[in-house]
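This report concerns only the one structure given below.
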Amino acid sequence: MSDDYQQKLDQICAEFEQKVAEHKAYVQKLIKETMRKVELAQAEKLAKSIKAKE
Amino acid sequence: MSEQADQKLKTSEDAGFGVEKKSVVDKGKLRRETIETVTKGVLDRIKEAGSGVLDFFKKTKQELDQHLVEDGLKIEPNSLSEKAKQDLANTRQQVDEEALKVKEEQNKAEVAIQQVLGEVQASIVSETVPDGIKAVAEATPEPPLVSEVELVSEVQPVVELVPEKPPEVELEQEKVDEASKKAFNEVLDKEKSIEEAMAVGEEAGATKKKEISAEHPEQEPVVAGIDFPAAGEKLLIEEILEKRKIEEEKVKLGPATWHNKEVNQPIIVTGVKGWGVDGKLYVSIEGSSTGVPFDEIIYKSADELTTEAIAKDKENELRTKEKIEKESGTAEKTVSVKKEEKIGDAKEVEFKKILKELEASVLPDLKIIWQEAPAIEGEEQSKVMGAYLDKKSKQKIAEFLAKLELPAEVKKEIKNNVIDSLEDRFTRSIKTHAQLEAAKLWKYHKKKVLVYGGAAVAIGVSINSLRMLTGGMVGAMGGVGRVLASGVMGYGIGALRGKIMEKLQPILDKVTKDKASASVWERASKEKAAQILNDPTVVKAVTKQIIRELLANIFNTIPDGNKEAETVQQLAEKDPAVQEGLNKEQTKILSKQLSAINALGRNTGKRLADFMQLVEKKPRLSQASRGGLIGSAYGTSISGSTELARVLELGSEATYAVPLLAGAVIGAKLYGEPIEKYWKRQRIEKYYSDIKTKIGSDQKDIIYLSALVESGLLSSDPILETQARKAIADAALEGVTVNSAEVNSEMDRLEKSLKKEAKTEKTVSKILGFVFGTATGVIGSELGRLFHEQVAHSSQKTGIGIVETQTTTKTTPPPAELLFGQKKAGAPVEFTVGKGKEAIYLDRGLRRVVADLYKPEGKTFAATDAAKIENTLANLRELAQGHEVAGLKSADFRDIMSWDGKTFKVLDQAAFENKVHELLGHANKMVTPEADAYGYTAKNQSFYEQKFGKQMEVEDFSKNELVQAAESRLSAAAKAGIESMPGAESKIEDYTWAHGKNYHSVTEVVSQYAPKFPGSKELHLYAVDADGDKAPDFYVLGDTDDVVEVYTKGATEPMEDFVTRVSQGHQELVLEIQAIDKALGKQALDFNTIDKAHLATVLALEQKGGTLTTESQKLLQETIAKLGSEEISSYLRDQELGSYLKSHLAELGKEELHKLFVEGNKLRSAGWQSIDYGMLQSLLESGRSTDGYLLNTNLTSPLTGKAIEIPFTTKEMFNKEVIGQAYSKALTLYNKELIEINSLKSQFEEGKNLGAFKNLPVGTIEKILKMDANSSLDQWKTQFGGGNKNITIDKLFKEINFRTGGKLGSGTASGTVADNLERAILNRSAPPKPLAWGDKIKEAEELIKQAEMMEERLQAKELIKKADKLLEKK
């Protein structure tokens, strides 16, 4: 098995791993944002209900 | 890649390439191991990365879900706002989408890896040509979309759920592979593997060998005297190498004598030079670069050498050599073709003779078919070939049976039944196998099939040629359509074609549609081909690859094939000569290799033969499968070794050899199964019918039946098996019990009796298997050659040349059937046509002659031009045959032209040309828009294109309305069995009716052509054999009011006399029939004269001078006894039923016959024109039925749970083809429904794609499918929704609504959701199913419901109005 092919295979693996990492990062970011939004929404709601009670 | 894999790679590389003296085998093995390790390592890496992130996504989704669940538990105001909920849901969906993307990436990466590994493998087998492989790899199209792959891979149960159907090739390759193996194992008897048998064989040892040879002395050189191979036996290549090693070790360096007839010279041996193409070891000697054969070396000085001593040494050496050969197996023996021929014993000579006979009988006809092929459309073409193959095979069986020394009874049975049975079961069996083969081929050759289109298909199906690839790649592309057709023709079946066509359709479309103009495809392929072909190294590399794959594939079809395939690969890898090219010398080497491979095939055959002998006592093993396999062994050894070696040794015509080999192997296998099934069935039916009558009363019968079931004898027929089991169960209920000891002893008895029968069957099956195998091989190879000719032809047309290889090519003589003399300008025309097809070829020759003299005008060669030529040539033909035509007398042509049935000669060219011009002038008048001549133009489109295409544009005749009209007139006439009678004047006498046409079509014919008989009346046409010569002498046409008109065929006597004579004969016949009826004690037959005539005609009763023959009397008596006088008339109205009855009366019980009649009636009332009652009977036997319009398939719809019924698309011939089509449609529907329901489930229950929640309980989709299609979304939600579920329900509703065509809940749909879905699926590929009565009733009910609602509403309005008025008043 020549180095050429070995290199090719490694390249494919590396590319894939990189893409996977990108997707993962994107999802992580997405989750972070969503959770932030949810918390914010909850806070707003709480604030509103407190206001209403007052 | 993992560290471990890295390490292994390193180690194996060291071992493989670092150590010089390691054997090639080991190298190959290590390389393969290396590739495997690397593959696993890399793929693991990808999987690891992929699954890591997917796990992460999964956890993320769970977290998101958790928030939503928790939210549900919280009490306001802590719960989430709607917006937050939406955000969470959206994010979840996005995570899903990301997961899909990752999966897609993973798939892509895996595909890319496989591609690289493919390259690696390719580079290992031909390291010298990496560029070539690169070209192939570059040309590889995109892999299928990931989503497709995923979708199909999720459809698990398709194959397993319907065991009797052909596997869905495209659905899942893995499954198909399994199914393929399974099917083959069935042939071999899956319960007893070869390895096991081999182990038994080892024990049995030498004694068995003797038994075998004693039992079959005629097979001496093939079977006996061969060491029985043990399990785990060494590969042949290893044996060869080992043997070579032993020889090489004998070489001593230093002084010796080179001694042969001419030379006696002292030399100094300096080392081993290598192995020559002659299979000899050569040594290097001092002072010369040429090697000396080692067997001519003697290690004594020349002086010491006396002639005697030399002789003695030689003798000893030879003895050692023989001993080695005997010990190590077979290879060298069979590698040498010369030796092979010496061995040839009487049997082999006999087979060679048979082969020649086959060639002589098959090939000329094949050529004719081939010549006609361009005029026949693709589908039709495969039919023609299929029919031909079928016919020839049957004919050959009959011939061979005649030669066999078998009891007359057995011969008769085989003749009558095997052949019928073959016909009946042929299609299904072959289709299945063809599909399996196609599936395998598709899997293994996908890349090349896509790259080379038709070329690789041809290789794959083993019909077409090796030479095509070395020489005619480009041409092959031009002729791609034909490649497919011929590839398929080899099997005679459209199924394979269909499967491959599905994939190749886009390519084919381009090729066929844009044929006239240089299309994009053609340009592209030209470029690609040029790119490939300009580099001979690449061509060779590709060729070699394909040869190897082809051979590997052949061996994959036989047991132990993997090993053999591997050996092929090793052989190819090993020999540098093959890698460097295929010049004459090297072709020789290749031929040696192929011979060696062939020897392997032969070896396998031997093993099988031995194996079969050994497991003789196992009744479950089918005789016919043994026969088929022995046939394959013979097929390989005879057709293979003689033909292949002969052909290849000549250095040319490789085209024939490989398909021959493949054809023989595969052919024998394909044909083996139907024979096997027949035997099994016959045997079982015999036992079963014996038992059936006694069941319930005699305990022993139940034991017998149990033994049959236990032994698996009934397993090939599930229906019989079920019946048997039922009978056993019934008996058990009645208190009849069996003990297992009794059953066992019964099984032993069965075994013995089967063994006895098996002996005869074996002999017969063996021969049959061989005949089929060889016939297929011969046909296959011939097709290969014809194909090449065709390629050469089309390449001339397209202007793309064939690249000739260095191999010398024999010039193929022009087709024998049409030999035009060397034609100089103005010289008289003369041509000879082949035997038996005079009409076709006379026409063809004359077409050429007339076209030569025809001067078309204008820019376009139109259908009218062609019709004129057709008209002229038809007249010329009639004149040549001595008929008078068009005001010209045949006698006037006597001095101008001559035709003796074989050769057409023009005696006076100038006068002839004048006459042709005269006829052409006549044609100007005769070719009116209604002329039938138009009907012959489209068939000969290619001829006219060839002839006039260069000088002008040629119209597409098939699109011409006049042509279409003429064709339909001609085909209507052909269907009705009407033949044009030349020279006749008026229309009614112009036609005669073929014998045996059924009642309905005749009525149609009569209403069309005999206006004297009012179409409204019931008309009968009877073909009457007045003189008992079994041919109809006249036809009686009449209606029920006894208006009778008689048409004679030849009108050789006055009509009145003829009628009187015949009616007298009839009177007597009728009286006799009545007498027989009375004698049987039944009520006298009460028919009118015509019905009696009908009865006699339908049963084809034979009579002499008005008296029935004894046989006919018996037939009539039996028929009346079985049917009863009352019913016989109506039964026999259907002539096809009558003739079926005539030959099958003994087998049919009254009940069965009645059923057949009822089913036949349904078909007749549905308008079927012709019924194959044999097929109808098998259909009924298999528990299926029709209602005339629909085939009830016994399959239950996965969607609706109802039986699947498939409408017939034609109402012409009700035969196996039609049934097969409908059934395969049903299977397709069934599979599509499975896919549909699975895809819905995976989409919604597993939360895929749509990002829905996993909260639809299992079974919801099934329940929804049962809902009324008019239920609204709200109704769906009420029943299955609530909370978050509503989102999913919403999507599900939309999805199903989309899939059903958007009528859900509209109030206009009918049936259930599943019904609509099923209809939509059916309509996706087929014309809409006509509404069944049930549906129509439902539809009506719907309308009534709507009307009622409307009425209620109106009534309500009235009430409101009244109420309003009352209110107003108040």
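Residue numbering restarts at 1 for every chain, and letters A, B, ... go by the order of the sequence lines.
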What's the separation between atom [atom1] in [X] and atom [atom2] in [Y], rounded to the nearest 0.5 Å?
X: A:Glu33; Y: B:Thr91; atom1: CD; atom2: OG1; result: 9.0 Å
X: A:Ile31; Y: B:Phe56; atom1: CD1; atom2: CZ; result: 6.5 Å
X: B:Gln94; Y: A:Thr34; atom1: CD; atom2: OG1; result: 7.5 Å
X: B:Ile46; Y: A:Glu17; atom1: CD1; atom2: CD; result: 6.5 Å

Below 4.5 Å from any heavy atom of chain A, which atoms of B:Glu48 appear? Answer side chain, backbone, both or neither.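 Neither part, no heavy atoms under 4.5 Å.
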Sort and list the pairs that fulfil salt bridge (Lys or Arg N to Asp or Glu O under 4.0 Å) and have at least one residue in residues 19-28 of chain A, not counting sequence neighbours.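 Qualifying pairs, neighbours excluded: A:Lys19-B:Glu105.
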State, yes or no, whether a side-chain contact exists between B:Arg45 and A:Phe16 at a heavy-atom distance under 4.5 Å. no
By salt bridge (Lys or Arg N to Asp or Glu O under 4.0 Å), which residues pair with B:Lys101, not counting sequence neighbours? B:Glu98
Test salt bridge (Lys or Arg N to Asp or Glu O under 4.0 Å) on A:Arg36 and B:Asp87 and set out the steps. CA-CA 11 Å; A:Arg36 203 179 53 80; B:Asp87 279 337; over 6 Å; no
